[in-house]
Amino acid sequence: MTTPNEQPGGVLHVTDSRTGRSYEIPISEGAVRSLDFRQIKTSDDDFGLLCYDPAFLNTASCRSGITFIDGDAGILRYRGYPIEELARKSSFLDVSFLLLSGELPAKDESAAWSAEIGKHTYVHENVKKFIDGFHHDAHPMGMLVSTVAGLSTFYPEAKFVADPARQREQVVRLIAKMPTLAAFAYRHAMGLPYAYPDAELSYAGNFLNMMWKMTEPRYRPDPVLERALDILLILHADHEQNCSTSAMRVVGSSHVDPYSAAAAAAAALWGPLHGGANEQVLRMLQEIGSVAGVPAYVERVKRGEIRLMGFGHRVYKNFDPRASIIKEVADQVFSVTGRNPLLDIALELERIALADDYFISHKLYPNVDFYSGIIYQAMGFPVTMFPVLFAIGRMPGWLAQWQENAADPEQKIARPRQLYVGEDLRHLDGELGG
Ligand code: ACO
């Protein structure tokens, strides 16, 4: 696939069979502008031609310089850097800096950025109080969505979204506080006291500290698990205009504060067809129960009774490059934690599915979530924390996209059109409630 800026410009000739009139619609960056179709009318009082695109299958909602995906070739790049190189050589915080600013930080910038994030990891003590108000079996993702939204009440200045300095403050706070909110949600569900951030640890290491610290005076994360988690966060950091990122942009386009917009994005992420998929993968593998149960399960999928969770992607139709990296991470994690018995079921499922005509013809391959859940489980995370981990990783992507949207002079409040297919004008007859 050529990138939009490699595409030659041109003109689309359109003839409207209703009127016989012809139009020239400019083509630029591999796209036509929907608004150029508005001039195509059957009469002066006609609204003009609309483009109908349920679920935005073929609509670019923005011009973006953040993430490039070529779904057919299995390519994913942040700001031009291949995901494979970033996963091997960079850190999650440096990748966050890259997504937000466009460049990887120099050594001193990286240290300053890390220190700045470290300084903002604490949350107001009142946040603990409203986490305390949740029921003991509340889903941590529900708690996260609510506490992210709740942060807007602690930082009322966040509403000044046009002020770059204020914008940056909220960006730092959101990235810094996500692991704290996530770990506090977990500790609340477990009935454990909250463990406070340790600024001497890395971003991932500190998160593990807040999750698992018990009576030891100082928590020391296992370096293999710490690095594995950091890589998983990098892999999830951005993925262009997916459901949750689109939610961030759409909600942010109303100029609401970024906490409210990020809460909406996190809510969108929670669905089982999106970030909730890795939780569903684990439940699916548990339901299959054994390698012997795989063929019967695959048959049910082919009969259309169920979907194979962790398979398929709207964009990747050959392979998901993140899935290949994740498989390597899995081996490193299992060398520390021991092998997750569900891995054998997953491998068998992948083997059978990849050789089966149904999956080949539907271009269904394992996506990033097929293996991430197995790794998270081996590291000790309960399944309910899986979408929460995804949300921590995706936060810098949401924020970079939100900033880009806010700075784009072509953007306005998002407001799609509809094709009205309901009742024509009608009137109430006689008495109401008769
Ligand atoms: N298992 C079985 N069949 C599938 C699957 C699957 N996982 N995914 C798609 N199909 C089939 C559909 O039944 C449909 O078949 P048909 O044409 O014979 O009716 C065809 O493939 C196309 O499916 P769509 O739903 O139109 O594909 P779409 O691009 O809209 O969906 C999605 C992408 C939502 C990811 C889908 O593949 C899915 O539901 N996968 C499982 C959930 C999952 O793993 N989500 C995580 C995505 S990655 C992420 O969000 C980070």
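In listed order, ligands and their atoms are each counted from 1.
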Quiz item: Is the gap between the ring centers of Tyr196 and Tyr122 under 6.0 Å?
Solution: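 Yes, the ring centres sit under 6.0 Å apart.
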Quiz prompt | Partners meeting side chain to side chain donor-acceptor pair (under 3.5 Å) with His13 (sequence neighbours left out) | solution = none
Quiz item: Parallel, tilted or perpendicular: which describes the rings of Tyr186 and Trp212, with under 30° parallel and over 60° perpendicular?
Solution: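 It falls in the perpendicular class, over 60°.
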In a simple table, one pair per line, please give the protein and ligand 1 atom names for every N or O pair closer than 3.5 Å, along with the distance.
unit_1, atom_1, unit_2, atom_2, d
ligand 1, 1 (N), Leu308, N, 2.9
ligand 1, 3 (N), Tyr358, OH, 3.1
ligand 1, 7 (N), Leu308, O, 2.7
ligand 1, 7 (N), Phe311, O, 2.9
ligand 1, 15 (O), His362, NE2, 3.4
ligand 1, 18 (O), His362, NE2, 2.8
ligand 1, 25 (O), Arg307, NH1, 3.1
ligand 1, 25 (O), Arg307, NH2, 2.9
ligand 1, 29 (O), Arg314, NE, 3.0
ligand 1, 30 (O), Arg314, NE, 3.3
ligand 1, 30 (O), Arg314, NH2, 2.8
ligand 1, 39 (O), Arg307, NH1, 2.7
ligand 1, 40 (N), Phe311, O, 2.9
ligand 1, 44 (O), Gly310, N, 2.9
ligand 1, 44 (O), Asn367, ND2, 3.0
ligand 1, 45 (N), Leu273, O, 3.2
ligand 1, 50 (O), His274, ND1, 3.1

Quiz item: Is the shortest distance from a Lys or Arg side-chain nitrogen in Glu279 or Arg283 to a carboxylate oxygen in the other one below 4.0 Å?
Solution: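 Judged by the 4.0 Å cut-off on N to carboxylate O distance, Glu279 and Arg283 do form a salt bridge.
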Quiz item: Are Asp36 and Arg33 within salt-bridge range, i.e. N to O under 4.0 Å?
Solution: no
Quiz item: Would you say the side chains of Glu404 and Ser64 form a donor-acceptor pair under 3.5 Å?
Solution: yes
